[in-house]
Amino acid sequence: MALSRLRKAIEECCPHLASSVHIRLKLMAEGELKDMEQFFDDLSDSFSGTEPEVHKTSVVGLFLRHMILAYNKLSFSQVYKLYTALQQYFQKDEKKDGADENEMELTNPEELDGKMEKEELDGPLREEEIACSGPLSQKQAEYFLSQQASLLKNDETKALAPASLQKELNNLLKFNPDFAEAHYLSYLNNLRVQDVFSSTHSLLHYFDRLILTGAESKSNGDEGYGRSLRYAALNLAALHCRFGHYQQAELALQEAIRIAQESNDHVCLQHCLSWLYILEQKIFDSCVLLEHSVNKSLHFGLPYLASLGIQSLVQQRAFAGKAANKLMDALKDSDLLHWKHSLSELIDISIAQKTAIWRLYGRSTMALQQAQTLLSMNSLEAVNVGVQQNNTESFAVVLCHLAELHAEQGYFAAASEILKHLKERFPPNSQHAQLWMLFDQKIQFERAMNDGRYHVADSLVAGITALNSIEGVYRKAIVLKAQNQMSEAHKLLQKLLIHCQKIKNTEMVIRVLLSIAELYWRSSCHTIALPVLLQALALAREYSLQYLASETVLNLAFSQLILGIPEQALNILHMAIEPVLAHGAVLDKGCAMFLVAKCQVASAASYTPQKKIEALESAILNLNEAKTYFAKVDCKEQLRDVLYFQARLFHTLGKTQERNKCAMLFRQLHQELPAHGVPLINAFK
């Protein structure tokens with residue numbers, strides 16, 4: 001720690017002591033070697049007398065005795081080196097203070113106050129203060145490593161930058177190549193930048209050094225050597241799995257299982273079983289394997305593994321379409337385990353899981369509630385002051401969902417603030433940055449599509465594809481559809497449909513089917529669209545995707561309207577519109593109300609004159625509501641359609657002034673967004 005920082009720390013506790021420390025250091029540094037000798041002699045006198053200044057067995061007493069003993073063991077040359085180092089330490093701080101004084105003279109007082117506020121004691125350490133500037137003692141090195149490891153776990157932004165940290169670790173390993181913990185921190189640091197070669201190299205070195213130094217053998221007897229080998233193989237499997245090298249991961253896992261079976265290590269075998277599930281789920285449905293893993297973990301008293309297994313089981317069953325109440329019961333049981341064993345990280349994962357499940361099932365209100373619950377929680381883990389807690393994947397997931405929920409409701413400024421916070425909390429080079437990058441691109445894409453800026457939306461497709469290929473292809477098809485390139489969009493959607501059916505991505509299968517149905521409408525093939533929509537509805541109901549089921553019913557109602565049965569369309573609309581208005585995005589709410597108005601107008605053709613006027617006035621009210629929703633998300637194309645429809649209705653009712661107002665607004669939008677040759681009232685969305 002720099003001397004100026006040390007003085008600030010002491011001043012906060014005891015201002016008089018700070019000045020005494022500075023005076024004593026100045027006397028020694030600007031004096032002679034005998035002044036330092038005198039200091040240690042005075043320390044020894046502190047213990048003498050009937051009422052000593054310091055008791056030998058107190059914390060301060062033990063520290064002083066330890067220091068005096070270490071000093072007395074030094075040779076003359078070592079004493080001289082210590083004195084020289086003390087002089088350099090003091091002079092370095094004096095030079096810095098002198099430079100600061102010169103800078104103060106050239107800076108006006110207001111700027112200086114602002115600068116001093118930024119340099120408060122509780123502010124983050126600068127890299128040059130954290131970094132080690134030469135060979136460190138064992139205790140100093142251990143402290144440096146534990147501090148950096150803690151920061152990487154709790155608040156990656158406060159840790160040294162990857163390049164700086166690697167430089168310091170290389171410096172440590174230069175003086176002590178067998179320092180196993182330094183190799184492990186190097187492994188974690190390389191994982192931050194997705195460097196597969198260096199991270200593998202550091203991990204292997206860590207276990208090699210662990211075996212060579214005998215650290216494991218001391219604590220575990222003869223078993224230590226074998227234990228290191230099996231956990232080395234297990235960690236290597238986890239590393240390969242993280243980078244998507246599943247074949248290499250499987251080979252390493254088989255090796256870990258073989259060694260663990262030979263040693264009869266049930267705990268290691270349970271970890272292997274958990275990783276085996278992760279590898280096997282890439283190939284086939286391994287639900288039975290996971291259930292076995294949970295039961296065995298509970299039997300051997302491994303609550304962390306058991307809970308992770310339950311979380312994975314819930315996720316798998318959510319994708320398989322199990323009822324939400326059963327999944328929530330299972331998560332409640334795992335929550336009991338978390339609170340019983342104070343597993344803070346798993347509590348966060350459980351709440352993030354609930355948020356994602358409610359989003360999958362289309363219950364945005366419940367998802368919002370769960371997200372707010374997690375953000376309002378305090379971590380159970382003790383961390384240092386100034387360290388941002390909860391910089392975990394769970395928080396990244398929840399904040400991303402929160403940003404998307406705000407964007408769906410038209411609160412784009414709030415969504416931007418959340419994304420800005422995510423960028424600060426998870427910088428682009430951090431391991432969870434890809435989450436917010438994808439959501440940021442998706443929100444920008446939706447805004448561009450709403451605004452009719454298809455060229456901007458098309459430019460964002462490449463970024464989305466790089467982060468999620470399936471989403472990228474789907475968005476490309478949406479852009480092509482909006483640009484009336486129907487045959488290209490249809491080819492792309494058909495390929496995507498086959499791929500999603502193969503990997504069992506049911507949610508995307510339904511979305512693709514809805515897009516294909518819309519292509520058929522636009523091509524005036526309304527009867528062909530019906531079987532596609534019924535297939536989508538059957539899937540949505542089978543997999544309990546309520547919101548997608550409601551959206552499919554709205555599409556079916558639109559098909560019935562086009563086919564000339566608006567009364568039937570109105571009947572099924574009343575079934576589906578409630579979930580959309582309760583949990584839907586603002587754009588979907590607007591489309592639903594617009595569709596209701598269209599059906600009301602179409603049904604009114606067979607009514608009596610008085611009843612027809614009432615139906616048309618009711619349709620105008622629904623159009624006003626739809627207009628409010630579309631304006632909220634700046635969806636100009638849909639606004640243009642609503643204004644056109646309203647003008648026609650006002651004309652029918654003989655309301656000339658209102659008709660002219662709607663016609664003027666329509667003309668302004670129509671000039672800004674000219675039609676692409678598609679009839680205005682021939683699309684649901």
Side-chain angles (χ1 to χ4, degrees), residues 154-157 307 310-311 314-315 318 324-325 327-339 342-381 383 387-426 430 432-440 442-443 446-447 507 544-547 578-589 629 632-633:
N154 294 304
D155 193 359
E156 200 177 316
T157 55
S307 178
I310 293 169
Q311 301 284 346
V314 166
Q315 187 184 69
N325 60 329
L327 298 182
M328 291 302 155
D329 283 343
L331 286 173
K332 183 183 73 178
D333 294 338
S334 72
D335 285 343
L336 291 173
L337 269 177
H338 304 155
W339 291 108
S342 298
L343 300 171
S344 175
E345 190 178 350
L346 289 179
I347 293 166
D348 299 347
I349 291 171
S350 177
I351 297 172
Q353 183 94 285
K354 287 174 191 172
T355 307
I357 287 170
W358 286 125
R359 285 285 285 156
L360 178 70
Y361 287 161
R363 299 295 184 89
S364 60
T365 312
M366 293 301 296
L368 187 63
Q369 184 191 54
Q370 290 296 330
Q372 294 289 3
T373 302
L374 181 55
L375 295 175
S376 303
M377 281 179 61
N378 290 319
S379 174
L380 298 178
E381 295 180 12
V383 292
V387 173
Q388 177 69 52
Q389 295 183 18
N390 302 326
N391 272 24
T392 58
E393 187 179 13
S394 307
F395 273 75
V397 167
V398 163
L399 284 166
C400 286
H401 279 306
L402 206 59
E404 193 174 43
L405 284 165
H406 279 82
E408 283 179 359
Q409 298 307 316
Y411 303 121
F412 294 114
S416 297
E417 283 297 315
I418 295 167
L419 286 166
K420 184 183 174 185
H421 176 71
L422 273 163
K423 289 170 188 177
E424 290 170 2
R425 189 180 267 203
F426 303 97
S430 63
H432 305 311
Q434 286 188 358
L435 289 168
W436 64 255
M437 286 177 180
L438 177 60
F439 277 80
D440 187 20
K442 282 163 72 176
I443 290 168
E446 293 298 339
R447 289 195 73 177
E507 187 185 6
S544 306
L545 304 174
Q546 186 189 3
Y547 187 74
E578 189 178 327
V580 174
L581 293 177
H583 302 287
V586 169
L587 181 61
D588 291 344
K589 291 177 187 178
Y629 289 134
K632 204 169 185 181
V633 287

Contact summary for [X] and [Y], nearest pair of heavy atoms:
X    : Y    : answer
S350 : Q311 : CB-NE2, 3.3 Å
S334 : S307 : CB-OG, 4.2 Å
R425 : F395 : NH1-CD2, 3.6 Å
I357 : L331 : CD1-CD1, 4.1 Å
S364 : R359 : CB-NH1, 4.5 Å
L435 : A396 : CD1-CB, 3.8 Å

Rounded to the nearest 0.5 Å, how far apart are [atom1] of [X] and [atom2] of [Y]?
X    : Y    : atom1 : atom2 : answer
L346 : L337 : CG    : CG    : 9.0 Å
K423 : K420 : NZ    : NZ    : 10.0 Å
L343 : D335 : CG    : CG    : 11.0 Å
S394 : H432 : OG    : NE2   : 8.0 Å
W358 : M328 : CH2   : CE    : 4.5 Å
H338 : D333 : NE2   : CG    : 10.5 Å

Tell me whether the count of non-hydrogen atoms from other residues, nucleotides or ligands lying under 6.0 Å of [atom1] in [X] goes above 12.
X    : atom1 : value
E578 : CD    : no
E507 : CD    : yes
F412 : CZ    : yes

So [Y] and [X], do their side chains get closer than 4.5 Å, heavy atoms only?
X    : Y    : value
Y361 : L327 : yes
D588 : Y547 : yes
E408 : E404 : yes

Checking V398 against L375 for the side-chain contact (heavy atoms from CB on, under 4.5 Å) test, could you report, in this order, the C-alpha distance in whole Å, the side-chain angles of both residues, the deciding distance, and whether it holds? CA-CA 8 Å; V398 163; L375 295 175; 4.2 Å; yes

Applying side-chain contact (heavy atoms from CB on, under 4.5 Å), run through Q409 and L405 and close with a yes or a no.
CA-CA 6 Å; Q409 298 307 316; L405 284 165; 5.9 Å; no

side-chain contact (heavy atoms from CB on, under 4.5 Å) with R363: of Q370, Q546, Q369, only one passes, and it is Q546

The side-chain contact (heavy atoms from CB on, under 4.5 Å) partner of L402 among L368, L419, V397, L374 is L368

- Which is it for I351 and I347 under the side-chain contact (heavy atoms from CB on, under 4.5 Å) test, yes or no, and what are the steps along the way? CA-CA 6 Å; I351 297 172; I347 293 166; 4.2 Å; yes

### Pi-cation contact, Y629 with K632 (under 6.0 Å, within 45°)
no

Please step through side-chain contact (heavy atoms from CB on, under 4.5 Å) for the pair F426 and E393, ending with a clear verdict. CA-CA 10 Å; F426 303 97; E393 187 179 13; over 6 Å; no

